[in-house]
Amino acid sequence: MDPIKLVKGFKDLLPEESAKWWFVELRARKFFKNFGFSEIRPPIMERTELFQRGIGEGTDVVEKEMYTFTDRSGENLTLRPEATAGVIRAYIENGLFTREAVSKLYTIGPMFRRERPQKGRFRQFHQINAEVFGVAAPIIDAEIIIMVNEFLRDVGLESLSLEINSLGCSECRPSFKQELIAFLEAKKETLCPDCQRRIGINPLRVLDCKVRTCQEATVQAPLVTSFLCTGCHAHFDELQKYINRFGITYSINPKMVRGLDYYTKTAFEITTTHLGAQNAVCGGGRYDELVKQLGGPDVPGIGFAIGFERLVSLLPMSNLYDNSPTLFVAPLGATAHEKTFALLNSLRLSGLSCVSEYNANVSLKTMLKRADRSGARLVIIVGEDELLKEEITIKDMQTGKQKSFLLSDWGKIIATAKQGEL
Ligand code: HAM
């Protein structure tokens with residue numbers, strides 16, 4: 001029978017990779033906790049309407065990328081293409097806004113977008129997503145940007161560039177949009193078919209189209225930053241003051257508009273030159289009108305999401321992600337196998353990571369080879385002769401040294417194993 005294949009654009013995370021994921025996840029949890037965040041885990045599937053209303057009908061994500069289906073009872077459901085809308089739904093539905101004036105929530109998990117798969121772009125991918133509700137002041141925009149920038153550096157990423165922009169608000173964006181549409185209409189023939197269509201639905205997206213002719217056509221396009229109202233202007237200025245005070249490098253990119261419709265004021269992206277076309281490791285921004293739009297109170301919000309796969313692909317080589325066991329337990333012969341069963345599990349219950357051999361007929365030579373491949377530095381050899389003397393031998397695979405221990409000296413055995421070398 002033919003084996004069944006993986007779904008296109010999806011990826012298996014194999015054991016040698018998962019150690020890196022654990023490393024990043026643990027570091028994120030610790031880092032975000034220091035900044036006052038706690039975890040929320042909304043479900044992976046939501047009503048389709050949530051994303052249509054939240055992300056915007058005219059976005060690529062809603063228009064062509066969602067995994068949407070009707071379930072057996074006729075409900076229209078979607079596998080989440082991003083986390084923000086679901087976190088807000090949970091924030092509203094569980095009345096979190098009534099508990100605290102400010103909520104800082106993060107979530108880590110899979111997202112689904114039916115995009116064209118390529119390097120750094122998958123149909124199931126993972127995000128580390130953080131949101132803050134209840135702070136209108138730009139100090140939080142700066143805090144969030146600094147937190148994510150420093151987190152990415154903390155896990156070892158280098159050569160990152162941070163770009164910020166302000167997308168205005170419902171007061172000042174309409175006049176910018178009007179001017180932009182007029183500009184784009186005049187250049188329509190030179191734009192790619194997608195952008196020609198976007199003029200009517202989502203004109204801002206034309207500004208960050210990757211097609212060369214579109215980029216050339218928009219060189220002289222009006223810039224959102226020239227249209228900001230007094231409030232948005234002051235917000236953007238103050239955000240920069242805070243970032244400058246902390247001292248991280250950034251640039252202002254007035255053409256960075258983000259792919260989702262809900263942003264107001266601050267938008268930001270962190271990119272790297274090492275990822276090819278899919279160069280964004282993190283994207284985020286403020287969304288002061290979204291909670292209300294989704295049926296909640298008038299509470300401002302801001303957040304970001306890091307692309308997990310992209311982050312992991314940029315991690316430097318490091319022994320920090322090593323998930324090798326500490327010990328390999330090698331029983332020689334059937335009696336030793338039987339007797340070792342209790343020893344092996346006691347070692348594990350004492351907090352040691354151990355692997356062993358389940359086949360009683362395997363030779364010491366083969367077992368040592370397997371021990372070596374497992375990455376364990378110490379091997380506990382349990383031979384039949386040794387068992388008669390109530391002893392075991394510990395071998396250090398790196399130095400070749402060996403030492404015998406009486407089984408009654410359990411404390412010493414554990415201490416040596418925990419030390420990880422002879
Ligand atoms: P986004 O820019 O759509 O924002 O996605 C954030 C990050 O997810 C991207 O920068 C990228 O690293 C990763 N990503 C997106 N699509 C893919 C894909 N197909 N394959 C691999 N990685 C991908 C959001 O999702 C917003 N919800 C972020 C946010 C939170 N804004 C405010 N709060």
Side-chain angles (χ1 to χ4, degrees), residues 7-11 13 24 32 37 40 42 46 50-51 54-56 59-62 64-67 79-91 103-133 135 140-141 144-145 147-149 151-152 157 160-165 167 205 208 256-272 274-291 294 300-314:
V7 179
K8 188 176 172 197
F10 285 54
K11 215 177 116 187
L13 182 66
V24 172
F32 291 10
F37 281 78
I40 183 165
E46 299 273 1
L50 175 72
F51 303 114
I55 300 172
T59 56
D60 283 353
V61 172
V62 171
K64 29 185 197 199
E65 295 168 1
M66 294 204 302
Y67 281 93
L79 293 179
R80 63 179 183 193
E82 58 115 47
T84 310
V87 171
I88 297 178
R89 200 246 339 112
Y91 171 78
S103 300
K104 289 178 154 185
L105 304 167
Y106 76 90
T107 193
I108 302 176
M111 311 293 150
F112 305 85
R113 295 184 195 175
R114 202 176 183 288
E115 297 187 79
R116 196 168 50 78
Q118 63 182 86
K119 185 169 176 265
R121 190 157 79 187
F122 309 98
R123 290 181 170 176
Q124 177 185 286
F125 60 98
H126 296 70
Q127 286 184 343
I128 305 177
N129 184 98
E131 314 288 354
V132 180
F133 300 104
V135 190
I140 196 74
D141 306 35
I144 287 286
I145 291 172
M147 175 176 97
V148 66
N149 196 66
F151 168 69
L152 293 173
L157 266 49
L160 297 172
S161 44
L162 165 65
E163 288 185 344
I164 62 170
N165 192 18
L167 298 174
R205 284 303 277 168
D208 69 359
M256 187 254 293
V257 296
R258 309 279 299 123
L260 314 162
D261 269 1
Y262 47 64
Y263 294 108
T264 50
K265 298 193 177 115
T266 311
F268 60 95
E269 267 180 7
I270 299 178
T271 55
T272 160
H274 302 301
L275 283 173
Q278 301 309 315
N279 61 356
V281 188
C282 169
R286 181 170 273 283
Y287 46 82
D288 287 346
E289 289 152 29
L290 185 58
V291 180
L294 291 176
I302 179 164
F304 64 81
I306 299 169
F308 215 123
E309 285 78 0
R310 295 187 192 174
L311 189 175
V312 166
S313 74
L314 292 166

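Predicted, not measured: the structure shown is a model, and the values here were computed from it. Positions are given from 1 along the sequence. One-based numbering, in listed order, for ligands and for the atoms of each.
- Side-chain contact check for T84 and Y262: at least one donor-acceptor pair (N or O, by modelled atom type) lies under 3.5 Å.
- With respect to atom 24 (C) of ligand 1, the closest heavy atom belonging to the protein is L260 CD1, 3.5 Å.
- Taking all atoms of both residues into account, the shortest heavy-atom contact from F268 to G285 is CE2-N, 3.6 Å.
- The closest approach between any non-hydrogen atom of R121 and ligand 1 is below 4.0 Å.
- Counting only distance, with no hydrogens or angles, the side chain of R310 and the backbone of A280 share a donor-acceptor pair below 3.5 Å.
- Short contacts between ligand 1 and G120, defined as distances under 4.0 Å to a heavy atom of the residue, involve ligand atoms 20 (N), 21 (C), 22 (N).
- When all heavy atoms of A267 and L167 are compared, the pair lying nearest together is CB-CD1, 3.8 Å.
- Atom 20 (N) of ligand 1 has F122 N, 3.0 Å as its closest protein atom, hydrogens excluded (heavy atom only).
- On a distance-only criterion, R113 and ligand 1 share at least one N/O pair closer than 3.5 Å.
- Residue contact check: N129 has heavy atoms under 4.0 Å from atoms 30 (C) of ligand 1.
- Proximity of T272 to L157: side-chain heavy atoms (C-beta onward) are nowhere separated by under 4.5 Å.
- Protein heavy atom nearest atom 11 (C) of ligand 1, with residue, atom name and distance: R310 NH1, 3.4 Å.
- In this structure, R121 places its CZ atom where more than 12 heavy-atom neighbours from other residues, nucleotides or ligands lie under 6.0 Å away.
- Close approach to G284 involves these atoms of ligand 1, each under 4.0 Å from a residue heavy atom: 31 (N).
- Annotation: atom 7 (C) of ligand 1 to nearest protein heavy atom, A305 O, 3.6 Å.
- Ligand 1 has at least one atom lying under 4.0 Å from a heavy atom of Y262.
- Heavy-atom proximity to C282, at under 4.0 Å, picks out these atoms of ligand 1: 10 (O).
- Ligand 1 has no N or O atom lying under 3.5 Å from any N or O atom of E309, backbone or side chain.
- For the pair G301 and D288, the tightest heavy-atom approach, listed with the atom from each and the gap, is N-OD1, 3.5 Å.
- In this structure, V281 and L160 approach most closely via the heavy-atom pair CG2-CD2, 4.4 Å.
- Ligand 1 lies nowhere less than 4.0 angstrom from a heavy atom belonging to G259.
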Assess the residue pair Y106 and F32 against the criterion (ring-ring contact (aromatic ring centres under 6.0 Å, His included)); give the C-alpha distance rounded to whole Å, side-chain angles, the decisive distance to 0.1 Å, and a yes or no. CA-CA 8 Å; Y106 76 90; F32 291 10; 5.6 Å; yes
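- Side-chain N/O atoms of E163 and T271 include no donor and acceptor closer than 3.5 Å.
- Neither the backbone nor the side chain of P81 has a heavy atom within less than 4.0 Å of ligand 1.
- Using a cutoff of 4.0 Å between basic side-chain nitrogens and carboxylate oxygens, K11 and E309 are not scored as salt-bridged.
- Looking only at heavy atoms of the protein, atom 5 (O) of ligand 1 is closest to Q127 NE2, 3.2 Å.
- Less than 4.0 angstrom separates some heavy atom of E131 from each of these atoms of ligand 1: 30 (C), 32 (C), 33 (N).
- Checking only distances, A280 does come within under 3.5 Å of ligand 1, N or O to N or O.
- Interface atoms of ligand 1 facing E82, defined by a heavy-atom separation under 4.0 Å, are 25 (O), 26 (C), 27 (N).
- Side chain of R114 to backbone of V61: no donor-acceptor contact under 3.5 angstrom is found.
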Is there a side-chain contact (heavy atoms from CB on, under 4.5 Å) between T266 and I145? Walk through the geometry before answering. CA-CA 10 Å; T266 311; I145 291 172; 4.3 Å; yes
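- In terms of protein heavy atoms, atom 30 (C) of ligand 1 is closest to T84 OG1, 3.0 Å.
- Atom OG1 of T59 and atom CE of M66 lie 7.5 Å apart (nearest 0.5 Å).
- Protein heavy atom closest to atom 18 (C) of ligand 1, with residue, atom name and distance, is F125 CD2, 3.4 Å.
- Shortest contact from atom 29 (C) of ligand 1 to any protein heavy atom: Y263 OH, 3.4 Å.
- Considering backbone and side-chain atoms together, A130 places no N or O closer than 3.5 Å to any N or O of ligand 1.
- At least one heavy atom of R258 sits closer than 4.0 Å to an atom of ligand 1.
- With a 4.0 Å cut-off on non-hydrogen atoms, R123 does not touch ligand 1 at all.
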